[in-house]
Amino acid sequence: VSEKLKRYKPQIVVCDPILSSTSGSRLSGKNAAEYLKELILPLCTLITPNLPEAYALSGERDIGKAAEKLLKGGAENVLIKGGHSEDIEISADILFDGKTQKRFEAKRIASQNTHGTGCTLSSAITSFLANGCPLEAAVANAKDYITNAIEKSFYVGAGHSPVNHFYEYYSMKGIETNEKL
């Protein structure tokens, strides 16, 4: 991946590290964090780790120090996602650019339909950036999108169901969400 990024030099590179699943299962090999730090981070416009990933990648247990270390590793910007925080009322993501930090808050939604939240958020940010949004606006729009996708999700099977990527379409069609299918 890093070789292709160096070859094609895309203007925007957003990386969601995805080191573990929502349930805590490891999704990559032992050396994945080291490869990310060495090969991918220096090529990123934005990296979007959740709290455990930020701590694992930086070796720091303080959010500010973790972000600082990730920025020193080469990423231009770091958005540390707060979905794993202990705050039961607010989910706050914090964007660091090396000079300032900006909080993006949303009410925490009591739902088990959170499968894919990190991937969805980073993909939404990428989409907004690709359409010309400045970084802060892209993050704010994506935060709003993922909050709605969780709030208007529905249950599929057992365990953590996915967020509802198509909540706007379903609401246009009058289909109820946040119910068991």
field: Pair Asn164-Ser153, side-chain hydrogen bond (donor to acceptor under 3.5 Å, both in side chains): steps then yes or no
entry: CA-CA 5 Å; Asn164 183 357; Ser153 63; over 6 Å; no
- prompt: Are Ile47 and Glu76 close enough that some pair of their side-chain heavy atoms sits under 4.5 Å apart?
  reply: no
message: Is the shortest side-chain heavy-atom distance between Val163 and Asn113 below 4.5 Å?
response: no
- prompt: Between atom CG of Leu95 and atom CD of Gln101, what is the distance when rounded to the nearest 0.5 Å?
  reply: 9.5 Å
task: Apply the test side-chain hydrogen bond (donor to acceptor under 3.5 Å, both in side chains) to residues Lys81 and Ser91: give CA-CA distance (whole Å), side-chain angles for both, the deciding distance (0.1 Å), then the verdict.
output: CA-CA 8 Å; Lys81 301 175 293 196; Ser91 173; over 6 Å; no
- request: Verify side-chain hydrogen bond (donor to acceptor under 3.5 Å, both in side chains) between Ser161 and His115, making sure each step is shown before the conclusion.
  value: CA-CA 6 Å; Ser161 291; His115 184 77; over 6 Å; no
query: Taking the six-membered ring of Tyr35 as reference, does the NZ or CZ atom of Lys37 fall below 6.0 Å from its centre and within a 45° cone about the axis?
result: no
task: For Leu71, check side chain to side chain contact (heavy atoms under 4.5 Å, CB included) against everything at least two apart and list the hits.
output: Val78, Phe96
task: With side-chain contact (heavy atoms from CB on, under 4.5 Å) as the test, would you mind laying out the steps for Leu36 and Cys15 before giving the verdict?
output: CA-CA 9 Å; Leu36 274 168; Cys15 175; 3.9 Å; yes
- prompt: salt bridge (charged side-chain N to carboxylate O under 4.0 Å, His left out) between Asp93 and Arg103: does it pass, once the steps are laid out?
  reply: CA-CA 6 Å; Asp93 303 339; Arg103 286 176 65 90; over 6 Å; no
query: Out of Leu46, Val14, Ile146, which one pairs with Ser122 under the side chain to side chain contact (heavy atoms under 4.5 Å, CB included) rule?
result: Val14
query: With a 4.5 Å limit on heavy-atom distance, are the side chains of Asn50 and Ile80 in contact?
result: no
- request: Would you please indicate yes or no on a ring centroid separation below 6.0 angstrom for Phe128 and Tyr145?
  value: no
message: Please enumerate all residues that pass side chain to side chain contact (heavy atoms under 4.5 Å, CB included) together with Lys99, with sequence neighbours excluded.
response: Asp97
query: Does some side-chain heavy atom of Thr117 sit less than 4.5 Å from a side-chain heavy atom of Ile150?
result: yes
- request: Give a yes or no answer on whether the side chain of Lys69 reaches the backbone of Ala66 with a donor-acceptor pair at less than 3.5 Å.
  value: no
query: Does Glu68 pair with Lys72 as a salt bridge, N-O distance under 4.0 Å?
result: yes
query: Rounded to the nearest 0.5 Å, what separation is found between the CG atom of Leu39 and the CG atom of Leu5?
result: 10.5 Å
query: Taking the side chain as C-beta and beyond, is there a heavy-atom pair between Ile94 and Leu79 under 4.5 Å?
result: no
query: Can you hop from Ile90 to Leu51 via hydrophobic side chains spaced under 4.5 Å?
result: no
field: Distance, nearest 0.5 Å, that separates CD of Glu34 from CG of Leu57
entry: 8.5 Å
statement: Taken to the nearest 0.5 Å, the spacing of Ile109 CD1 from Lys152 NZ works out to 9.5 Å
- prompt: Hey, is Lys107 close enough to Glu151 for a salt bridge, meaning N to O under 4.0 Å?
  reply: yes
